[in-house]
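Each chain gets a letter, A, B and so on, in the order its sequence line appears, and its residues count up from 1. Side-chain atoms are counted along with the backbone in the values below, which use heavy atoms only and exclude waters and symmetry mates.
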Amino acid sequence: MNMVTPTAPHVYLEDIAKYDGQDILLKGWLYNKRSSGKIRFVMLRDGTGLIQCVGSINDIGEEGFAAVDSLSQESSLMVVGTVKAEPRAPGGFELILKQVIPVHVAMGEFPISPKEHGTAFLMDNRHLWLRSKRQVAIMRIRHAIVKAIRDFFDGRGFTLFDPPIFTNAACEGTSTLFETDYFGETAYLSQSGQLYGECGAMALGKIYTFGPTFRAEKSKTRRHLTEFWMIEPEVAYMDMWGAAELAEDMCCFIVQRVLETRMEELKVIERDPAILEKIQKPFPRISYDDAIKVLKNAGHDIEWGGDIGGDEETTISNLNDRPTILYHFPADLKAFYMKRDAGNPKLALGFDVLAPEGKGEVIGGGQREDDYDVLVSRIKEHGLNVEDFEWFLDLRKYGSVPHAGYGLGLERTVAWLCGLPHVRETIPFPRMISRLKP
RNA sequence: UCCGGAGUAGCUCAGCGGUAGAGCGGGUGGCUGUUAACCACUAGGUCGGGGGUUCGAAUCCCUCCUCCGGAGCCA
């Protein structure tokens, strides 16, 4: 590989506008090329942008032409040239080549050509698919969302609190856990950091977790991954409505940040920013009771007590052009740790945030049961082992307080904001029931 | 796990009882402004695996595998 470094300054394409008229060095990969007898066009990408480099025989000579001709799609190269504003160019600039330095000639043809491909093929080549313009844009938006979430909580005095990934017991259901051998005993991969987050809230007042989560659900839908990232704030002395408002503020903060910093990327993936600009407080709130009425009127076959499935979620989330907060579910549908409504014990103090455009649930949360005796009986009712939760019950023995929190699915949020129909493009290497490679 | 759909060239697909096809990508040649460039030529196949029906199967039947979409479950 040729690593001779020319003297012109190395510039990333995202900064190209500052160098109009100057000689610069670009380091990247060949995206595409076109040629004519006495001129060469090289499309170069460097991870931050794409630019057309123009090589004329007078500028780079036979040697330069030979260098260009030796390079195939996704070969790596460095080029030196003069930045020139060019209204016809998609990015507004071209590079007039002076020197072409091949770094590595791709060994054979790159599997992903500029033409159409099926998703199965693209997923098999996910490690290379990530180089495409669209995937790069999605990853950058994902990063902006991650950064926004951290900034949101950090700005409100929350402490990042990392829960363990190896755990000894279930906190949702037992059928969806991945088992691993842990020095002879069974350990499960965490399917939620919430129980640990509650410990953090009692120690630090307000915390958020941010980490991977594992669910062995045999789900084959556009909304499920077996490994996904979840953010779970937990706050002492907060009730359900406080948590719902926190979720609402957070959503608005994230959307605003994406609009401020990732407009170019939204353009690349053809996401209409006007849809995101409508994501403003307040989000409409609808109780489970009222939702059932609405669903019945809309023709759904559902009775009180029934679970709100994918189709029903779609109907409700399509009622508004901003997220909908659905609350007061039947307690029987919810996890053992969820507190019940004092006025109606059949209802749980839980809420979901349903993203608009039929994107469905992106947040689930609520107020936690804080009474020792009630929580013990709930654990038993759910067929769980009380000994496994002794440490969790201790939170209700030593200075128990009302507290609440929620979980935000990162990939579903990325899919929503990017307008993607499927979560598989929202994470670099999605893990699904039929996908462990690459 | 259940219900649908699909596996044919590197990719996207057509062919649906009678000699294996196209576009794109690759290779070679041509062209001084192309931009999913264009033009000409060219290479490229165990038609997902196995079994069966038939003079003859990519095509019809059985079976298995893989993938896709949906349901359940959930973020």
Side-chain angles (χ1 to χ4, degrees), chain A residues 31-44 50-60 65 69 72-74 84 86 88-91 94 96 106 108-125 128-129 132-133 171-177 191-194 209 211-232 247 306-314 333-335 352-355 359-365 406-416 421-424 426-427 432-435:
Chain A
Y31 189 79
N32 199 358
K33 66 177 178 181
R34 292 171 282 275
S35 72
S36 198
K38 294 290 179 287
I39 193 162
R40 296 288 186 270
F41 299 99
V42 174
M43 298 296 294
L44 179 139
L50 183 65
I51 193 172
Q52 172 165 280
C53 308
V54 185
S56 119
I57 189 77
N58 299 328
D59 294 333
I60 58 173
F65 269 31
D69 293 345
S72 53
Q73 187 188 355
E74 286 301 319
K84 184 187 159 199
E86 169 56 67
R88 286 174 297 179
E94 279 187 345
I96 307 305
E109 97 185 60
F110 192 69
I112 302 171
S113 64
K115 282 276 182 171
E116 63 194 298
H117 298 283
T119 41
F121 175 78
L122 290 169
M123 287 303 306
D124 285 339
N125 290 284
L128 304 175
W129 186 23
S132 77
K133 256 193 294 198
C171 70
E172 303 280 345
T174 44
S175 61
T176 61
L177 289 163
Q191 55 183 188
S192 166
Q194 187 210 306
T209 71
T213 302
F214 307 87
R215 303 261 170 104
E217 291 157 6
K218 291 183 177 172
S219 305
K220 290 178 71 172
T221 79
R222 59 185 63 198
R223 305 214 308 275
H224 286 85
L225 297 169
T226 54
E227 177 184 315
F228 63 97
W229 286 68
M230 190 150 68
I231 295 88
E232 295 175 290
D307 207 3
I308 296 199
D311 285 351
E312 289 82 15
E313 271 188 11
T314 302
L333 297 179
K334 290 293 169 179
D352 284 353
V353 178
L354 307 182
K359 280 291 183 292
E361 183 179 354
V362 290
I363 288 172
Y406 61 84
L408 167 78
L410 178 61
E411 286 73 21
R412 286 187 182 177
T413 304
V414 177
W416 164 36
H422 202 298
V423 291
R424 70 185 149 211
T426 63
I427 184 168
M432 296 175 288
I433 184 167
S434 58
R435 176 68 57 186

For S192(A) and M230(A), what are the C-alpha separation, side-chain angles and deciding distance, and is it a side-chain contact (heavy atoms from CB on, under 4.5 Å)?
CA-CA 8 Å; S192(A) 166; M230(A) 190 150 68; 4.1 Å; yes
What is the distance, to the nearest angstrom, from the [atom1] atom on [X] to the [atom2] atom on [N]?
{"X": "D311(A)", "N": "A71(B)", "atom1": "CG", "atom2": "P", "result": "6 Å"}
{"X": "K133(A)", "N": "A36(B)", "atom1": "NZ", "atom2": "P", "result": "9 Å"}
{"X": "Y31(A)", "N": "A36(B)", "atom1": "OH", "atom2": "C1'", "result": "9 Å"}
{"X": "D69(A)", "N": "G29(B)", "atom1": "CG", "atom2": "C1'", "result": "12 Å"}
{"X": "Q73(A)", "N": "G10(B)", "atom1": "CD", "atom2": "P", "result": "17 Å"}
{"X": "D307(A)", "N": "A75(B)", "atom1": "CG", "atom2": "C1'", "result": "14 Å"}
{"X": "M43(A)", "N": "U34(B)", "atom1": "CE", "atom2": "P", "result": "14 Å"}
{"X": "M432(A)", "N": "G70(B)", "atom1": "CE", "atom2": "C1'", "result": "15 Å"}

Kindly say whether, by distance alone, the side chain of [X] makes a donor-acceptor pair under 3.5 Å with the base of [N]?
{"X": "H224(A)", "N": "C74(B)", "result": "yes"}
{"X": "E94(A)", "N": "G33(B)", "result": "yes"}
{"X": "R223(A)", "N": "C73(B)", "result": "no"}

Check whether any side-chain N or O of [X] sits under 4.0 Å from OP1 or OP2 of [N], and answer yes or no.
{"X": "S434(A)", "N": "C68(B)", "answer": "yes"}
{"X": "R34(A)", "N": "U32(B)", "answer": "no"}
{"X": "H422(A)", "N": "G69(B)", "answer": "yes"}

What does T221(A) touch in the nucleic acid at a heavy-atom separation under 4.0 angstrom: a base, only the sugar-phosphate, or nothing?
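Contact class for T221(A): base.
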Using a 4.0 Å heavy-atom cut-off across all strands, classify Q52(A) as base, sugar-phosphate, or nothing.
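Answer is base: heavy atoms of Q52(A) come under 4.0 Å of a base.
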What stems involve RNA chain B, if each pair must be Watson-Crick or G-U and both of its distances must be under 3.5 Å, with 3 or more such pairs in a row?
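Output for stems: B:1-7 with B:65-71, B:10-13 with B:21-24, B:26-30 with B:38-42, B:48-52 with B:60-64.
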Nearest atoms (heavy-atom pairs only) where [X] meets [Y]:
{"X": "K33(A)", "Y": "D69(A)", "answer": "NZ-O, 3.5 Å"}
{"X": "T209(A)", "Y": "G193(A)", "answer": "CG2-O, 4.3 Å"}
{"X": "L333(A)", "Y": "G306(A)", "answer": "CD1-O, 3.7 Å"}
{"X": "G360(A)", "Y": "E313(A)", "answer": "CA-OE1, 3.3 Å"}

[atom1]-based separation of [M] from [N] [nearest Å]:
{"N": "U46(B)", "M": "U1(B)", "atom1": "P", "result": "32 Å"}
{"N": "U12(B)", "M": "G69(B)", "atom1": "P", "result": "14 Å"}
{"N": "G48(B)", "M": "G7(B)", "atom1": "P", "result": "8 Å"}
{"N": "G72(B)", "M": "C67(B)", "atom1": "P", "result": "22 Å"}
{"N": "C47(B)", "M": "U8(B)", "atom1": "C1'", "result": "4 Å"}
{"N": "U42(B)", "M": "A22(B)", "atom1": "P", "result": "11 Å"}
{"N": "C11(B)", "M": "G25(B)", "atom1": "C1'", "result": "7 Å"}
{"N": "U53(B)", "M": "U59(B)", "atom1": "P", "result": "15 Å"}

Per [X] side chain, nearest of listed nucleotides [options]:
{"X": "N58(A)", "options": "U32(B), G26(B), G69(B)", "value": "U32(B)"}
{"X": "E313(A)", "options": "C74(B), C11(B), U32(B)", "value": "C74(B)"}
{"X": "R412(A)", "options": "C67(B), C74(B), C11(B)", "value": "C74(B)"}
{"X": "M230(A)", "options": "G33(B), A75(B), A71(B)", "value": "A75(B)"}
{"X": "E109(A)", "options": "A71(B), G26(B), A75(B)", "value": "G26(B)"}
{"X": "S35(A)", "options": "C31(B), C68(B), C11(B)", "value": "C31(B)"}

Considering only nitrogen or oxygen atoms on both sides, find all protein atoms under 3.5 Å from nucleotides 5-9 of chain B and state each distance.
none

Taking the cut-offs as 6.0 angstrom to the six-membered ring centre and 45 degrees off its axis, would you call R215(A) and F228(A) a cation-pi pair?
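Geometry flag: not set, cation outside 6.0 Å or 45°.
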Ring-on-base stacking G33(B) with F41(A) (under 5.5 Å, under 30°)
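Check failed, F41(A) does not stack on base of G33(B).
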Of P111(A) and L225(A), whose closest RNA chain B nucleotide lies nearer the 5' terminus?
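Counting from the 5' end, the first nearest nucleotide belongs to P111(A).
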Which sits closer to the 5' end of RNA chain B, T226(A) or R222(A), going by the nucleotide each is nearest to?
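With T226(A) and R222(A) compared, the 5'-side residue is R222(A).
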Stepwise side-chain contact (heavy atoms from CB on, under 4.5 Å) test for L122(A) and I112(A)
CA-CA 8 Å; L122(A) 290 169; I112(A) 302 171; 4.2 Å; yes
Looking only at side chains, do E232(A) and Q194(A) share a donor and an acceptor under 3.5 Å apart?
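Looking only at side-chain atoms, Q194(A) and E232(A) do not form any donor-acceptor pair under 3.5 Å.
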I'd like to know if K334(A) and D307(A) make a salt bridge, using a cut-off of under 4.0 Å between side-chain N and carboxylate O.
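Not counted as a salt bridge, because no side-chain N and carboxylate O are separated by less than 4.0 Å.
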Indicate every side-chain donor-acceptor pair of residues 407-416 of chain A with a distance under 3.5 Å to a residue at least two apart or in another chain.
{"residue": "E411(A)", "atom": "OE1", "partner": "W229(A)", "partner atom": "N", "Å": "3.0"}
{"residue": "E411(A)", "atom": "OE2", "partner": "R142(A)", "partner atom": "NH1", "Å": "3.0"}
{"residue": "E411(A)", "atom": "OE2", "partner": "R142(A)", "partner atom": "NH2", "Å": "3.2"}
{"residue": "E411(A)", "atom": "OE2", "partner": "W229(A)", "partner atom": "N", "Å": "3.4"}
{"residue": "R412(A)", "atom": "NE", "partner": "R223(A)", "partner atom": "O", "Å": "3.1"}
{"residue": "R412(A)", "atom": "NH1", "partner": "E361(A)", "partner atom": "O", "Å": "3.0"}
{"residue": "R412(A)", "atom": "NH2", "partner": "R223(A)", "partner atom": "O", "Å": "3.2"}
{"residue": "T413(A)", "atom": "OG1", "partner": "G409(A)", "partner atom": "O", "Å": "2.7"}

Has D59(A) got a side-chain atom pairing as donor or acceptor with G55(A)'s backbone, closer than 3.5 angstrom?
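Checking the backbone N and O of G55(A) against the side chain of D59(A), no donor-acceptor pair under 3.5 Å is found.
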Working note: M43(A) + R34(A), criterion side-chain contact (heavy atoms from CB on, under 4.5 Å); need CA distance, chi angles, decisive distance, verdict.
CA-CA 8 Å; M43(A) 298 296 294; R34(A) 292 171 282 275; 3.3 Å; yes
